[in-house]
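For this chain, numbers begin at 1 and follow the sequence in order. Heavy atoms only: backbone and side chains are in, while hydrogens, waters and symmetry mates are out.
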Amino acid sequence: MSTRLHPSLRLVAARRSLACAALVGGALFCAAPAHAVDLPAVGGAPVKLDITETAVVAQRFAPREGELEQDQGYFVWLNRLNLVLGWKKFTLGARIDSSIYALRPEDRITSSDPSVQRGLLSDGSTRYRDAIYPAKLWLTYRNEGVEVTAGDSYVQFGRGLVLSLRKVDELGVDTTLFGGKVTVQKDPFAMTVIAGLANPARVDEPTGRALFPSNRIPPVGQFGAVPTQPMFGSDRIVGAQLQAGRGLPVVASTHAVQLTKCAPYRYDADGDVIENPFDAPLGTCEEPSRGTWLGDVPLLGPVIARRETINAGQSIEVPSLWGHGSLFVEGAVQKRQAERPNEADTNGNALYASIVTTGGPIANTLEVKSYRNFFPLAGSVNVSRAAAFSNVAYSMPPTAEPIISDTMFGFFNACVTGARDRLDYRFTPTMLGYATFGYFVTRSESVRGSCDQLGRSTAEDKDETTHYVSDGSVGVEWRFDDDKSIVFANLNARNDVTGTNKPYYRELAAQYSITKYISGPYAFELAGRHRYRIQDRENIRGDSFDGEPWWQGEHQNALKIAPKWVISQGVEYTTYIGLPTYYINGGVLYRFTSESNIRLYAGQNRGGLRCMSGICRVFPAFSGARAELTLRF
């Protein structure tokens with residue numbers, strides 16, 4: 001039984017031989033296949049070829065306390081080959097991804113227990129997949145005021161309330177639109193029209209999980225066979241944005257998007273996938289295949305398995321407030337197709353505003369948000385078997401929180417009203433002090449919490465599911481030694497209580513990054529973050545379910561020898577019950593050029609939730625060695 005990629009790519013991505021992946025990807029230390037080519041001129045115009053080769057080799061060690069055997073012990077080789085060919089007003093690009101795994105859990109863990117064997121095969125059916133496939137492919141034409149792209153493109157309307165398809169390297173998120181994008185600009189107007197299929201990254205490096213259709217699970221003992229199952233649907237996006245006032249004191253933008261969820265394959269009468277590559281190559285919206293697929297998607301929020309969702313918004317931006325700041329306001333509405341007669345609360349709306357004011361040594365930034373039953377456009381991922389991709393989404397409302405905040409639990413942002421203010425004071429040209437304070441009321445952070453389009457709680461116990469959150473920080477930014485030495489440091493506190501005045505989450509934290517210039521090419525850096533945390537029903541000890549406080553943090557020392565070397569050593573720790581207390585690691589970075597380098601890393605990293613601008617994911621703990629080579633020609 002064959003296994004295929006998402007229909008938008010339509011390329012077989014089953015396990016391939018090492019020779020095939022090596023031929024296309026290139027070896028880590030023998031990257032000869034990625035080399036510069038002196039292309040001759042065509043039609044009297046030069047042809048430019050840019051090649052970027054990134055190869056990662058990692059070996060995970062045996063699991064430590066609190067870690068799962070199937071998450072550790074394996075070997076992986078990942079390769080990303082980027083090719084960009086430019087000629088006149090055309091750009092042709094492709095990214096070829098490949099992956100090779102060895103020492104998989106089902107290969108090295110022996111057990112005569114059929115339930116253990118079945119568990120390993122089931123977990124491995126969506127994990128540790130040898131594959132080679134075109135992850136991204138695009139052709140762009142640019143002329144004065146016109147840009148047309150066929151294939152993959154990133155796109156965002158406004159601040160992300162309505163649509164946001166982007167790349168977040170820190171979290172392994174890389175979602176594009178595979179289809180068409182047309183942008184026409186003639187000041188003071190601009191228009192963008194898009195249509196296509198969502199195309200997220202297919203392989204998750206930290207977990208080895210893949211969005212390819214699962215491998216067939218053979219029968220084991222009393223357990224029957226399980227046929228191939230899709231992990232990701234055919235998510236279709238159409239939208240448009242119209243801007244007016246470009247280059248003028250006020251810029252207005254109107255944008256709308258429709259997300260339609262369809263089945264990635266047709267299903268036969270028995271409910272099994274029809275794997276003919278020529279059958280419904282882009283998936284199908286026909287019933288009963290559509291209903292069969294969406295019925296397999298876990299209901300993680302009201303959008304993920306909804307057949308159709310429409311977002312529409314309007315923004316107004318004043319780029320300059322008489323030379324002393326800027327203003328941005330965006331409002332949006334959301335309409336989710338009802339799945340049953342008389343279904344309530346299928347409408348939502350959102351309002352976000354940011355105003356920056358400056359004067360002399362003072363600058364102030366105020367962010368305000370009010371979201372009422374307004375959810376991100378979640379991708380149709382079978383998160384029960386591919387949880388690493390639960391953060392696939394095609395919109396991301398601004399959080400008005402620190403960029404790395406990981407304390408917005410549940411659907412914090414779906415039903416929330418609040419604001420955050422930051423006041424900066426520049427004491428000298430090289431020293432800045434700042435203070436922030438945020439206050440939010442959320443009715444959706446609790447698992448049982450929700451609201452209607454007016455922001456009113458629809459939960460049975462409104463007080464217990466309404467949270468009042470206060471957050472404040474103070475910090476300093478100081479540059480000295482002719483800007484060769486830098487100090488960034490801040491203290492933060494957060495208090496999250498329910499309407500019954502029951503503490504839900506509290507935290508005290510300190511963060512710093514200090515770089516001290518020594519002499520010549522030498523500098524030394526200290527960086528870290530240390531947190532004292534307590535959360536309801538977390539870190540439970542004994543008979544109490546209230547949760548005990550715990551410490552966690554990390555510190556890193558680094559010697560920098562510009563421009564070639566960075567030698568680092570770090571320690572992480574946690575007092576959370578059931579996990580190792582200490583994690584030690586070290587690494588070396590060597591730059592061949594400003595854009596080509598090799599990184600060597602060995603040691604341990606603490607697992608847990610990590611976030612970036614409201615996008616979050618859970619990373620498993622790491623214990624092993626890793627090498628990453630990046631070459632650009």
Side-chain angles (χ1 to χ4, degrees), residues 142-149 153-166 177 181-194 237-258 310-335 347-372 374 376-377 394-401 403 413 416-424 426 436 438 453 455 613-614:
R142 292 184 181 90
N143 201 350
E144 184 175 353
V146 177
E147 180 177 311
V148 180
T149 297
S153 61
Y154 299 102
V155 57
Q156 177 165 309
F157 292 163
R159 296 289 174 90
L161 278 172
V162 170
L163 180 69
S164 179
L165 299 172
R166 57 177 176 160
L177 180 77
K181 175 184 174 184
V182 178
T183 299
V184 180
Q185 298 178 359
K186 186 172 179 58
D187 290 344
F189 299 101
M191 182 178 68
T192 299
V193 178
I194 62 167
I237 300 172
V238 295
Q241 175 176 260
L242 177 63
Q243 291 181 304
R246 289 170 52 90
L248 300 179
V250 179
V251 181
S253 177
T254 303
H255 28 259
V257 166
Q258 176 176 295
I310 296 175
N311 279 0
Q314 176 71 48
S315 68
I316 296 176
E317 183 175 8
V318 181
S320 177
L321 294 173
W322 303 279
H324 291 282
S326 62
L327 171 67
F328 179 87
V329 180
E330 182 175 6
V333 294
Q334 182 174 93
K335 174 64 177 177
N347 295 331
N349 56 82
L351 180 66
Y352 170 81
S354 172
I355 181 170
V356 178
T357 56
T358 61
I362 298 176
N364 191 83
T365 301
L366 174 65
E367 291 184 278
V368 180
K369 65 179 180 181
S370 183
Y371 306 152
R372 294 167 291 276
F374 193 88
L377 295 178
Y394 317 129
S395 68
M396 186 48 59
T399 66
E401 296 265 8
I403 190 171
N413 250 356
V416 64
T417 297
R420 176 180 296 276
D421 187 76
R422 169 169 166 154
L423 178 65
D424 293 4
R426 189 165 292 280
T436 73
Q453 61 181 334
S613 300

(request) Please report the shortest heavy-atom distance between N311 and L161, naming the atom on each side. (result) ND2-O, 3.5 Å
(request) Drop me the distance from S253's OG to E317's CD, to the nearest 0.5 angstrom. (result) 9.5 Å
(request) Establish, from distance only, whether the side-chain atoms of N364 and D424 form a donor-acceptor pair under 3.5 Å. (result) no
(message) Can you confirm whether F328 sits close enough to I355 that some side-chain heavy atom of one is under 4.5 Å from a side-chain heavy atom of the other?
(response) no
(request) Take V257 and V238 through the side chain to side chain contact (heavy atoms under 4.5 Å, CB included) test and state the conclusion after the steps. (result) CA-CA 6 Å; V257 166; V238 295; over 6 Å; no
(request) Quick one: pull up OG in S370 and CG in N349 and give me the separation to the nearest 0.5 Å. (result) 7.5 Å
(message) Treating Q185 as the side-chain partner and D187 as the backbone partner, does any N or O pair qualify as donor plus acceptor under 3.5 Å?
(response) no
(request) Evaluate the side chain to side chain contact (heavy atoms under 4.5 Å, CB included) criterion for residues V318 and V251: first the C-alpha distance (whole Å), next the side-chain angles of each, then the deciding distance (0.1 Å), finally the verdict. (result) CA-CA 6 Å; V318 181; V251 181; over 6 Å; no
(request) Find out whether K181 and T183 are in side-chain contact, i.e. whether some heavy atom of one side chain is under 4.5 Å from a heavy atom of the other. (result) yes
(message) Regarding N413 and K369, do their side chains bring together a donor and an acceptor under 3.5 Å, going by distance alone?
(response) yes
(request) Report yes if some heavy atom in the side chain of R420 is under 4.5 Å from a heavy atom in the side chain of E401; otherwise report no. (result) yes
(message) Keeping R142 on the side-chain end and E147 on the backbone end, is there a donor-acceptor pair under 3.5 Å?
(response) no
(request) For residues V184 and T192, determine if any side-chain heavy atom of one lies less than 4.5 Å from a side-chain heavy atom of the other. (result) no
(request) Please report the shortest heavy-atom distance between T358 and G325, naming the atom on each side. (result) OG1-N, 3.8 Å
(message) Would you compute the distance between atom OH of Y371 and atom OG1 of T417 and round it to the nearest 0.5 angstrom?
(response) 10.0 Å
(message) Under a plain distance cut-off of 3.5 Å, with no hydrogens placed, do S354 and E367 share a side-chain donor-acceptor pair?
(response) no
(message) Could you measure the distance from the CZ atom of F157 to the CG atom of L165? Nearest 0.5 Å is fine.
(response) 9.0 Å
(request) Could you go through the side chain to side chain contact (heavy atoms under 4.5 Å, CB included) check for L163 and I194 one step at a time? (result) CA-CA 11 Å; L163 180 69; I194 62 167; 3.4 Å; yes
(message) If I compare all heavy atoms of Q156 with all of S164, which pair ends up nearest, and what's the gap?
(response) OE1-OG, 2.8 Å
(request) Evaluate the side chain to side chain donor-acceptor pair (under 3.5 Å) criterion for residues E330 and H255: first the C-alpha distance (whole Å), next the side-chain angles of each, then the deciding distance (0.1 Å), finally the verdict. (result) CA-CA 11 Å; E330 182 175 6; H255 28 259; 2.9 Å; yes
(message) What I'd like to find out is whether the side chain of T365 reaches to under 4.5 Å of the side chain of D421, using heavy atoms alone.
(response) no
(message) Which heavy atom of T399 sits nearest to which heavy atom of G614, and what is that distance?
(response) CG2-CA, 3.5 Å
(message) Against the six-membered ring of Y352, is R159 placed for a cation-pi contact (under 6.0 Å from the centre, within 45° of the normal)?
(response) no
(request) To the nearest 0.5 Å, tell me how far L423 CG sits from L366 CG. (result) 11.5 Å
(request) Start with the C-alpha gap between I237 and Q258, add the side-chain angles, then the distance that decides, and say whether side chain to side chain contact (heavy atoms under 4.5 Å, CB included) holds. (result) CA-CA 6 Å; I237 300 172; Q258 176 176 295; over 6 Å; no
(message) With no hydrogens and no angle check, just 3.5 Å: does a side-chain donor-acceptor pair link T254 and Q314?
(response) yes
(request) Of all the heavy-atom pairs spanning R246 and A190, show the shortest one and how long it is. (result) CD-CB, 3.4 Å
(message) I need the Q334 CD to S395 OG distance, nearest 0.5 Å.
(response) 7.0 Å
(request) Might you point out which heavy atoms bring P249 and P319 nearest each other, and give the distance in Å? (result) O-CD, 3.3 Å
(request) Side-chain contact test, heavy atoms from C-beta onward, threshold under 4.5 Å: evaluate it for P376 versus P397 and give yes or no. (result) yes
